[in-house]
Amino acid sequence: MVKDALIAATQQQSNFFCGLPLEAMTSVAIERPRDRQFGHYAVNVSPWSRDLKQAPPVIANTVADALKSHPDITLNTVQGFVNVRFSDGLLASALCHRLMEAAPGKNSTLQDNSILLEYVSANPTGPLHVGHGRWAALGDSLVRILRHCGATVTPEFYINDAGEQMRKIGVSVLFRTRETLIAAGKLPETPLAMEYPYPGEYVIEAANAFVGQLSSDDEAALLDVWHHLMAEDKPLHFDHLNLPAADWAWIESVLIPYVKAMMLASQQQLLKQLDVNFEAWFSEKELLHDRGLVSHMLAHLKGTQFAYEADGALWLKSSELGDDKDRVLVKSDGSFTYLAADIAYHHQKYTREDDNGQPQYNRIINIWGADHHGYIPRMRAAMIALGHLRDEKDSAFEIVLGQLVNLIVDGERERMGKRRKMLTLSDVVDTVGVDATRFWMISKSADTTLDFDVALAASATHENPVFYVQYAHARCASILRNAVSPTQTTETPTPAFITEEALAQLSSHPTPALLASLFSADETALPAIVELILELDRFEAVVTSAAQQRSAHLIARYAQELAANFHSVYNVCRMLTDDPETTQARLALVMAVQKTLAQALQLLGVSAPESM
RNA sequence: GUCUCAGUAGCUCAGUUGGAUAGAGCAGCCGCCUUCUAAGCGGCAGGUCGCAGGUUCGAAUCCUGCCUGAGACGCCA
């Protein structure tokens, strides 16, 4: 807002400013000076020197002359910089602006965006692991940030409930039912070698739960399966199970759906606990395969020049659309590849329509782990072939690629595999809590590999930066509580510093005049106060930038910096003083800080406690 | 072999898209609680921004090559 005033000042001149288009002024050149002594903002004119064919100091003087008449700006030039200092009145009105905003930083920069954001999309074959937690935290925060910038966003979870991995988890649970059945005396305890496709301990729990709720018919069916299995003379292995078709049909129709529902429910419960909110849950099996959408998409694709048959298989001519090579869609045995199903899913995303029959989304965004990066060109190629994208660079399809998470246990890196005893996201949340987990996951840029050290995370509970930010918020809340309640320390209670009515009035109808005494603070407090106001003022730009760059960590960093600025002011400047005007002005500042911190934390999905 | 990402303080990481003397948090050292939350503040110390070239007024940032680490390159899912 303060920056806007500077831009507005330039706009009074003309569409061109000192011979340069205004975009140059607004987008590039205005920044915070590194050394605060220079001023509140600095315009760096050096980049223009080539176009204007003038030395930077000359340009700086021209710019300074043009701005000189503005009542709220004082300037000095140093080499290629025009340093700008704003009047107290302008800073105070920036603060008023924040107090009156319903939601700090809310803007409409992305109001034309209608986005389908897909993320997490774990297989329903087990608990979410720590890596999923990163996408969950990032995705949900991006949804909040994008919406804060006016975008319409549908967060969606793709349930990968078709294909081989479902049969694998089904068979894993099946194998584990043996122990349960033996314990119940329903199967004889004979030696039997088995290899579990999914060895995790949660599979045992799933088997127990499954057996526990079986109807007598289904229990008979299960025992029937076991009699067939025990008739085999080889160790039981997923790849060569010799079961009658009826057994498989029972596994597919009873066992697998139960396991899927159970796994999905536990994932959903954890996501809910993390305050990660999906609007749509898209089942690959029910919404794609059962409706024949894969065949439907393939028929569509065959009508283009980008599909052909060779070696008994159907291929996508992706090599002509930016991919390394062509890709198989239908195998020579007639079954679909995983890619074909995924293309059908994305095709379906683009063909969804709103109530007026118009395409529902103009932007499809996926958050993918870096292990899927090779997948991007082929998916883009398919979307071009199907006519959803113009070319390989079309921004209507966007992948936010995030690097993986390494789990560090006892100082050693563990592969995030299917170990029998694996540390899950749920375990982590239980030890460090929701707020610390989300903040930790999000405070680093998504394109660096995240080492998640469990011991550190647990011990870091008290030194996690999230508490630093929350503490600042709680401090604000505490000051505001004290401000309106009479003190009891002496025998005769002193009255409150300000009435609740006056405080409410201050937050709803602040005026720069009411805040004037902020600027009469002493010389140690004043710079810190001004710095804090400028930091508050920066919030909207941070939100916009985070949305455009899909970088939620910018919000986390901002929250820490704002908290730091507030803590600094707090230590050199009493908020509750004997002078009513000073107290009132400082309380306005506290309210603005609290409000802004609460908003930043909300965008991160982290709670903003009133006390700690 | 090809592709993606990373390499910045002892550790974990920022660095606003090429600009002023490279910044935080932990860890270390020295100070600050009779008054609003010390889960805090102030200060000190800590750097050849992986290496070598190049581009220009100017590079942690852009280009090329190399080194190191993580990951991806199936008619698997």
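In the text below, chain A, chain B and the rest are named by the order of the sequence lines, each starting its count at 1.
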Here the distance between atom C1' of B:C36 and atom CG of A:L503, to the nearest Å, is 14 Å
Classify the angle between the aromatic ring planes of A:W368 and A:H372 as parallel (below 30°), tilted (30 to 60°) or perpendicular (above 60°). tilted
Under a 4.0 Å heavy-atom cutoff, the residues of residues 566-582 of chain A touching RNA chain B are A:H567, A:S568, A:Y570, A:N571, A:C573, A:R574, A:M575, A:L576
Worksheet item: Is A:R538 positioned over the aromatic face of A:Y558, cation under 6.0 angstrom from the ring centre and no more than 45 degrees off axis?
Response: no
Judged by nearest nucleotide, the residue sitting upstream toward the 5' end of RNA chain B, A:K331 or A:G374, is A:G374
Practice prompt. Sticking with atom P, work out how far B:C32 lies from B:G10, rounded to a whole angstrom.
Written response: 29 Å
Quantified in whole Å, what is the P atom distance between nucleotide B:C3 and nucleotide B:G54?
-> 25 Å
Pair A:E610 + A:R475: basic N to acidic O under 4.0 Å: no
When the C1' atoms of B:C11 and B:U55 are considered, how many whole Å apart are they?
36 Å
The glycosidic conformation of B:C33, counting syn as within 90° of 0 and anti otherwise, is syn
_Quick one, A:D342 and A:Y375 - any side-chain contact, counting heavy atoms below 4.5 Å?_
yes
Original post:
What does A:H372 touch in the nucleic acid at a heavy-atom separation under 4.0 angstrom: a base, only the sugar-phosphate, or nothing?
Top reply: nothing
Contacts satisfying side-chain hydrogen bond (donor to acceptor under 3.5 Å, both in side chains) that involve residues 568-578 of chain A (not counting sequence neighbours) are A:T577-A:T583
Discussion item. With a 4.5 Å cut-off on side-chain heavy atoms, are A:N366 and A:F397 touching?
Written reply: yes
Give me the distance, rounded to whole Å, that separates B:G1 from B:U56 when you measure between the C1' atoms they each carry. 36 Å
Sequence neighbours excluded, the answer for salt bridge (Lys or Arg N to Asp or Glu O under 4.0 Å) partners of A:K260 is A:D161, A:E286
Whole-Å distance, A:H289 NE2 to B:A77 P, equals 10 Å
A:D371 meets the side chain to side chain donor-acceptor pair (under 3.5 Å) criterion, sequence neighbours left out, with none
Trace of the side-chain contact (heavy atoms from CB on, under 4.5 Å) decision for A:E118 with A:I367
CA-CA 6 Å; A:E118 181 213 328; A:I367 299 179; over 6 Å; no
Looking across every strand, which nucleic acid part, if any, lies under 4.0 Å from A:Y468 by heavy atom: base, sugar-phosphate, or nothing?
sugar-phosphate
Got a list of protein N/O to nucleotides 19-22 of chain B N/O distances below 3.5 Å?
{"residue": "B:G19", "atom": "O2'", "partner": "A:N44", "partner atom": "ND2", "Å": "3.3"}
{"residue": "B:G19", "atom": "O6", "partner": "A:P47", "partner atom": "N", "Å": "3.4"}
{"residue": "B:A20", "atom": "OP2", "partner": "A:R34", "partner atom": "NH1", "Å": "2.6"}
{"residue": "B:A20", "atom": "N6", "partner": "A:N83", "partner atom": "OD1", "Å": "3.0"}
{"residue": "B:A20", "atom": "N1", "partner": "A:N83", "partner atom": "OD1", "Å": "3.4"}

| said: Checking side-chain polar atoms at under 3.5 Å, does A:H40 have a donor or acceptor matched by the opposite partner on A:N83? | reply: no
query = How would you label the contact of A:N123 with the nucleic acid (heavy atoms, under 4.0 Å): base, sugar-phosphate, or nothing?
reply = nothing
Looking at the base of B:C75, is there any donor atom on it, or on the side chain of A:S332, that sits under 3.5 Å from an acceptor on the other one? yes
Rounded to whole Å, the CG-P distance (A:D342 to B:C76) equals 16 Å
Stems of at least 3 consecutive Watson-Crick or G-U wobble pairs (donor-acceptor distances under 3.5 Å) involving RNA chain B, listed by first number, are B:1-7 with B:67-73, B:10-13 with B:23-26, B:28-32 with B:40-44, B:50-54 with B:62-66
Classify A:Q548 by what it touches in the nucleic acid, base, sugar-phosphate, or nothing, heavy-atom distance under 4.0 Å. nothing
Checking B:U4, B:A38, B:C13 against the side chain of A:R557 (C-beta onward), the nearest is B:C13
Rounded to whole Å, CG of A:L298 lies from P of B:C75 at a distance of 16 Å
Side-chain N or O of A:N482 less than 4.0 angstrom from OP1 or OP2 on B:U37?
yes
P atoms of B:G47 and B:U8, separation to the nearest Å = 14 Å
A:F539 atom CZ is separated from B:U16 atom C1', nearest whole Å, by 15 Å
Closest to the side chain of A:M612, out of B:C75, B:A39, B:G71, is B:A39
* Would you please indicate yes or no on a ring centroid separation below 6.0 angstrom for A:Y345 and A:F282? => yes
Checklist line | Donor-acceptor contact present, side-chain A:H148 to main-chain A:P104, <3.5 Å | finding: yes
Between the side chains of A:E540 and A:T544, is a donor N or O closer than 3.5 angstrom to an acceptor N or O?
no
With syn defined as a glycosidic angle within 90 degrees of 0 and anti as anything else, the base of B:U37 is anti
Between NE2 of A:H373 and P of B:U2 the distance, given in whole Å, is 14 Å
A:D333 CG to B:C75 P, in whole Å, measures 12 Å
Whichever of A:H553 and A:R481 has the more 5' nearest nucleotide on RNA chain B, that residue is A:H553
* Asked: Mind checking the C1' distance from B:C5 to B:U21? Whole angstroms is fine.
  -> 31 Å
Notebook entry, point to check: Using atom P of each nucleotide, how far apart are B:C75 and B:G71 to the nearest Å?
Noted result: 23 Å
OP1 or OP2 of B:C76 under 4.0 Å from side-chain N/O of A:K168: no
On the nucleotide B:A70, are OP1 or OP2 found under 4.0 Å from the side-chain N or O atoms that A:T449 carries?
no
The nucleotide from B:C75, B:U37, B:A77 with an atom nearest the side chain of A:Y338 is B:A77
Considering only heavy side-chain atoms of A:F467, the closest of B:U4, B:G40, B:A39 is B:A39
To the nearest angstrom, the CZ-P distance between A:F238 and B:A77 comes to 11 Å
Can you tell me if A:K444 touches the phosphate of B:A6, counting only side-chain N or O atoms and a distance under 4.0 Å to OP1 or OP2? no
Exercise for the section: May I ask you to decide if A:S607's main-chain N or O and A:Q470's side chain share a donor-acceptor pair within less than 3.5 Å? Expected result: yes
Report task. Check step by step if side-chain contact (heavy atoms from CB on, under 4.5 Å) holds for A:L316 and A:Y308. Result -> CA-CA 7 Å; A:L316 172 69; A:Y308 65 94; over 6 Å; no
With P as the reference atom in both, quote the distance from B:A59 to B:A52 in angstrom, rounded to an integer.
15 Å
